[in-house]
Amino acid sequence: MSKREIHLPNKARDLYEAVRALPIVSPHGHCDPRWWAQNDPFSDPAELLIVPDHYVFRMLYSQGVPLDKLGVGVPQEQRDARTIFRVFADHWHCFLGTPSRGWVEHTFYETLDVDCDLSPETADRVFDQISEKLRDPSFLPRSLFESFNIEVLATTDWATDALDHHSVILSSGWSGRVIPTFRPDAVLNPIRRDYAASMALLAEQTNSDLTDFDTYLDALRQRRAFFKIKGATATDHDVPNLMTQWLPRSEIEHLHQNARSGTISAVDAERYYGHMLIEMAQMSAEDGLVMQLHVGSTRNTNRELFESLGPDKGADIPKAVDFVGGLDGLLNRVGNNPNLQVLVFTLDETTYARELAPMAGHWPCLKIGPPWWFHDSLNGMRRYFDQVVESAGYFILTGFNDDTRAFLSIPARHDTWRRAVALHLADQIERGVLGQQDAQMLAQQLCYDLAVKAYRLS
C-alpha cells in the first residue's frame, strides 16, 4: 500500500504544504502519561487502536457488536487481541465516509507502513505487521512522540491525581514536553457518583477537613498550584448543563454542607456547580491557568452500559445549549478581568453564529475552541469557519487540539485540520476576501501560533 495522496486544489495545496510539517501542539487530550513515563512498547494493535477509542467502538456497537467482543470493559489479560482486530476488520466498511476512516488509514499507511488494504481477508496480515512495528524501538512512546514532531502534549488529569507519571517524565532527562491539565469535575459537581471518594482524597492530600467553604477553596488552590509546578497551563471542565450563578455566601455555605453530607438535591447541585465554575474562573484570573469549558453533551445515555461499564462508552449525545444565559453569571462576575482566558467548546453547532461568535467578538476573555468530537471532521471544520469568522475574526480562535485517547491518531487529526485550513483559506482567496500573503500568515496562525497563545504555552 502506497502513502496516501493528498488531493487539493492548487491554491489550497500551496497553503497546505507550507504548514504540513509544522510542529504539533497538542494542548488538550486524554492520552495516558504512563506511556512516556515508562516508555514500554505498546502491547498489541487492539490495545493501541481499538479498545481506547470510542470513535471506533461506538460505530461497531451500533452495528450490533457487543463491547466485550472489542475488549471494552475486559481486563487486558483476558482479551484476545487478534480476534478483536478481526472483528474490526470485518466491519471496516462501516467507517466509509467518517473521519475515523481517514484517521485510521493515515495511521496504517503513514505511520505504521502497512503494505495492504485492510479487509476481513487481510486482517491477520495487517495485525502481524503492526505487531512487528510495535516491537521496534523506533515505535516506543518517546520515539513516536519525537518522530511525530510533537512540541508539547497535554494530558487531562483529575484534581486529585498524584501526577506520579508526570514527575517521572520531568526527572527522566527526556526532552519531550508532556504536561498535565487540572480537571476538577469530581470535586466540584456533587451529582457525580465519584464525588464523595474524590472529596475524601482531596481532604487527605491537602490535610484539610473541607467542612467549611473557605477551607475547601484553599484546598482547590493548593491542587492548582501543584499542577502548575508540574507544568500545567490549563484547567478543563465538563459542563453537563451550562448555568453559572453567583450565590450569596450564606447560601453557598449551606449548599456546601449539603454536598458534603450527600443530602443535596439535583437542582441545588446544579446551582452549586454553577457557582463553583465562577470560583474556578476567579482562580484562573489569579493563577493564570487557562479555563476550558466543554459544553453540550448529554452523557451516558445508554444507562445499561453506564451501570455495567461506567462512563465514556460511546453513548454521549450532543444537545442544545444557551450560552448567553448560561455564561451570564460568570462573565458579569469576572469576564472583564484581563487575566482571565476562557476557551469554549461546544457540540451545539447552532450556537456558533447565533451566540458564540458574537460573544467572543465582545468579551475579551472568551475564545472559541475548534470543532469538537462529533464535528471534528473536514465538513465540521468548514461549517465552523463559515459560521464564526465573519462575526469575530480569526484571532478569537484557539487553533486546533486533537482531544484524543488514541495517541497514534494525533498526526492524522492535525493533518485533517491543516487540510481544512488550507481549503478554507483558498476559498477566501478565490472569493476575494483574503490576499495570498494574509492567507499564508493565517495558515501559520491557525495551525500553530494561536494554540500556543491560547494555552499560554510559550
Side-chain angles (χ1 to χ4, degrees), residues 27-28 154 159 179-185 187-189 213-214 216-229 231-239 242-249 251-253 256 271-295 321-346 351 355-370 388 391-399 401 449-458:
H28 172 70
I179 61 176
T181 299
F182 180 78
R183 186 162 191 170
D185 302 334
V187 292
L188 297 186
N189 189 351
F213 193 64
D214 278 340
Y216 169 56
L217 294 182
D218 285 342
L220 292 171
R221 290 189 182 95
Q222 282 187 49
R223 295 303 297 169
R224 292 171 67 104
F226 175 71
F227 271 67
K228 286 192 69 174
I229 289 171
T233 68
T235 71
D236 181 38
H237 307 265
D238 171 40
V239 186
L242 183 60
M243 187 280 292
T244 58
Q245 179 184 14
W246 186 257
L247 300 176
R249 184 49 182 261
E251 185 171 0
I252 192 62
E253 189 73 65
H256 180 66
R271 296 174 66 237
Y272 180 83
Y273 187 52
H275 176 93
M276 287 308 303
L277 288 175
I278 302 178
E279 295 281 7
M280 291 293 99
Q282 292 187 157
M283 290 186 194
S284 282
E286 294 167 2
D287 64 22
L289 290 178
V290 175
M291 186 178 191
Q292 298 176 91
L293 300 177
H294 283 83
V295 185
V321 180
D322 171 12
F323 278 97
V324 175
L327 283 176
D328 179 76
L330 187 154
L331 293 175
N332 279 294
R333 177 76 182 186
V334 69
N336 293 303
N337 190 313
N339 297 322
L340 177 64
Q341 187 141 292
V342 180
L343 316 185
V344 180
F345 300 79
T346 186
T351 64
E355 297 180 39
L356 282 178
M359 291 171 73
H362 169 73
W363 291 99
C365 68
L366 281 184
K367 293 188 181 298
I368 305 174
V388 303
S391 292
Y394 290 100
F395 289 87
I396 51 79
L397 307 183
T398 66
N401 63 63
D449 296 355
L450 289 176
V452 172
K453 183 177 180 182
Y455 284 88
R456 296 173 174 167
L457 292 168
S458 59

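Residues take their numbers from the sequence shown, with the count starting at 1.
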Quick one: are [X] and [Y] in side-chain contact, heavy atoms under 4.5 Å?
| X | Y | answer |
| --- | --- | --- |
| Phe227 | Gln222 | no |
| Tyr216 | Met276 | yes |
| Cys365 | Asn337 | no |
| His237 | Met291 | yes |
| Thr244 | Ile278 | yes |
| Leu220 | Val187 | yes |
| Ser458 | Lys453 | no |
| Leu188 | Tyr272 | no |

| field | Side-chain donor or acceptor of Arg456 paired with backbone N/O of Thr233 under 3.5 Å | value |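 Side chain of Arg456 to backbone of Thr233: no pair is present.
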| said: Any side-chain to backbone donor/acceptor pair from Arg183 onto Thr235? Under 3.5 Å, distance only. | reply: no
Closest approach of [X] to [Y] (non-hydrogen atoms, all atoms of both residues):
| X | Y | result |
| --- | --- | --- |
| Met283 | Leu217 | CE-O, 3.7 Å |
| Pro27 | Ala154 | O-CB, 3.1 Å |
| Val321 | Glu355 | O-OE2, 3.9 Å |
| Ser391 | Pro358 | CB-N, 4.4 Å |
| Phe345 | Gly369 | CE2-CA, 3.6 Å |
| Ala285 | Val334 | CB-CG2, 4.3 Å |

[X] side, atom [atom1]; [Y] side, atom [atom2] - distance, nearest 0.5 Å:
| X | Y | atom1 | atom2 | result |
| --- | --- | --- | --- | --- |
| Ile368 | Ile396 | CD1 | CD1 | 4.0 Å |
| Phe213 | Leu247 | CZ | CG | 8.5 Å |
| Ile252 | Gln245 | CD1 | CD | 9.5 Å |

| request: Go through Leu450 and Phe395 one step at a time and tell me if the side-chain contact (heavy atoms from CB on, under 4.5 Å) criterion holds. | output: CA-CA 7 Å; Leu450 289 176; Phe395 289 87; 3.9 Å; yes
| task | Report the C-alpha distance between Val388 and Leu356 in whole Å, list the side-chain angles of each, state the deciding distance to 0.1 Å, and finish with yes or no for side-chain contact (heavy atoms from CB on, under 4.5 Å). | result | CA-CA 8 Å; Val388 303; Leu356 282 178; 5.9 Å; no
| task | Salt-bridge test for Arg249 and Asp214: reply yes if a basic N is under 4.0 Å from a carboxylate O, no otherwise. | result | yes
| Should Thr181 and Gln292 be marked as a side-chain contact (heavy atoms from CB on, under 4.5 Å) after you check the CA-CA gap, both sets of side-chain angles, and the distance that decides it? | CA-CA 10 Å; Thr181 299; Gln292 298 176 91; 3.9 Å; yes
Side-chain donor-acceptor pairs of residues 323-332 under 3.5 Å, sequence neighbours excluded:
unit_1	atom_1	unit_2	atom_2	d
Asp328	OD1	Asn332	ND2	2.9
Asn332	ND2	Asp328	O	3.3

| query | Cut-off 3.5 Å, side chains only: do Tyr455 and Gln341 have a donor facing an acceptor? | reply | no
| request: Could you check Leu366, Val344, Thr351 and say which one makes a side-chain contact (heavy atoms from CB on, under 4.5 Å) with Met359? | output: Leu366
| Quick one: which of Thr346, Asp238, Asp236 gives a side chain to side chain donor-acceptor pair (under 3.5 Å) with His294? |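 Exactly one pass, corresponding to Asp236.
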| request: Output every pair passing side chain to side chain donor-acceptor pair (under 3.5 Å) with a member in residues 279-290, not counting sequence neighbours, ordered by first then second residue. | output: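 Every pair satisfying side chain to side chain donor-acceptor pair (under 3.5 Å) with a residue in residues 279-290: Arg224-Ser284, Arg224-Asp287, His275-Glu279, Gln282-Arg333.
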| task | Could you list all the side chain to side chain donor-acceptor pair (under 3.5 Å) pairs where at least one residue sits in residues 358-369, not counting sequence neighbours? | result |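 Listed once each, the pairs would be none.
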